[in-house]
Each structure stands twice: as structure tokens, then as C-alpha cells.
Amino acid sequence: MQEIVTKGMEMHQKLFDEMLERFDISAKEIAQLIGVSEVTLSRFRRGKGDLLTTKFLALLLVLPEDAREWYISRLVGSKPKTNLRSLVMEASPQEKAEVLNALAIWVVQSCENKDSSHLPQAV
């Protein structure tokens, strides 16, 4: 039984480290937000230590939504909700260029029609 628990602990730490890199999240900033030292968070990331449940829950709450969804879905073995932002963030530079090109073509065509009522307002 202990072996299963240990594997699970290692998995959540490895996934956390991968998530920080994938979503370009600062470990230093996360440590400050949840009130732990950078050393404590580093030990957690490397599988050398763990976090108290309250700190782990606080950590999940300070993560950007897309990163949190990615992390939890990988942890429990399900697929995260797919949203456009996540798809673009995970895309290769070539795929991102293709998306931008498609959007540019769409905007140009919409402007040529002189009907901008269907264009969304910029946020």
C-alpha cells in the first residue's frame, strides 16, 4: 500500500513541476503567494518533501485556471476541458502562426464586407 501512496505523491510533484514549465509560472511567485519558502517549494517539485494539505490547496487556488485544470486533469487521469486559450498556449510556434494568419484573414474579410457588427469587442 505504501508503494502506491509513494507513487501518487511522486506523480503529483512531477506534474506540478511540468505544469510550472508548461504554463511559464514562476515558482518563486507561487511560493510567496501561498506563504512557503522557495526552498520548501523546490523540495516539493523535486520530490524531496511534501506540502501540508492547506498549503497544497492554497497552491491550487493561486494557479491560473487553465494551469489548474491541466494539473488536476492529469493528476486524476482525465482530459481537461478544452478551451481555445489552452490549445493556443500548447501549440507549436508554427501552429500559432497558422492561427494568427487565419484570424488575420477573417478580420480582413470582415472589414471588406463593411459589416463589423459580428466582430467581438476587444477586451
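Computed from a predicted structure; not experimentally measured.
By the criterion of side-chain heavy atoms lying less than 4.5 angstrom apart, applied directly or through intervening Ile, Leu, Val, Met, Phe, Trp or Tyr residues, Val39 is not grouped with Ile34; the two fall into different hydrophobic clusters. With hydrophobic clusters built from ILVMFWY side chains whose heavy atoms lie under 4.5 angstrom apart, Leu33 shares a cluster with Ile25.
Of all heavy-atom pairs spanning Arg68 and Leu61, the tightest one is NH1-O, 3.5 Å.
Considering OH of Tyr71 and CG of Asp17, their distance stands at 10.5 Å, rounded to 0.5 Å. In this structure, the separation between CZ on Phe16 and CZ on Arg74 is 16.0 Å, given to the nearest 0.5 Å. Expressed to the nearest 0.5 Å, how far CD of Gln32 lies from NZ of Lys28 amounts to 6.0 Å. Note: Leu20 CG to Arg22 CZ = 12.0 Å, rounded to the nearest 0.5 Å. Residue Ser92 holds its OG atom at 8.0 Å from NZ of Lys96, rounded to the nearest 0.5 Å. To the nearest 0.5 angstrom, Asp66 atom CG is 5.0 Å from Phe23 atom CZ.
Between the Thr40 side chain and the Val36 main chain, no donor and acceptor come within less than 3.5 Å of each other.
Proximity of the aromatic rings of His12 and Phe56 is defined here by a centroid distance below 6.0 angstrom, and this criterion is met.
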**Message:** Trp70 vs Leu15, test: side-chain contact (heavy atoms from CB on, under 4.5 Å). Steps then yes/no.
**Reply:** CA-CA 9 Å; Trp70 181 91; Leu15 285 171; 4.2 Å; yes

Q.
The test is side-chain contact (heavy atoms from CB on, under 4.5 Å); show your working for Glu21 and Arg45 and say whether it passes.
A. CA-CA 11 Å; Glu21 291 177 23; Arg45 291 176 67 186; 4.2 Å; yes

Exercise for the section: Under the side-chain contact (heavy atoms from CB on, under 4.5 Å) rule, what do Leu41 and Leu59 come out as? Steps first, then yes or no, please. Expected result: CA-CA 10 Å; Leu41 194 58; Leu59 178 145; 4.0 Å; yes

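For the pairing with Thr53, the side chain to side chain contact (heavy atoms under 4.5 Å, CB included) check across Asp50, Leu51, Leu57 returns one residue only, Leu57.
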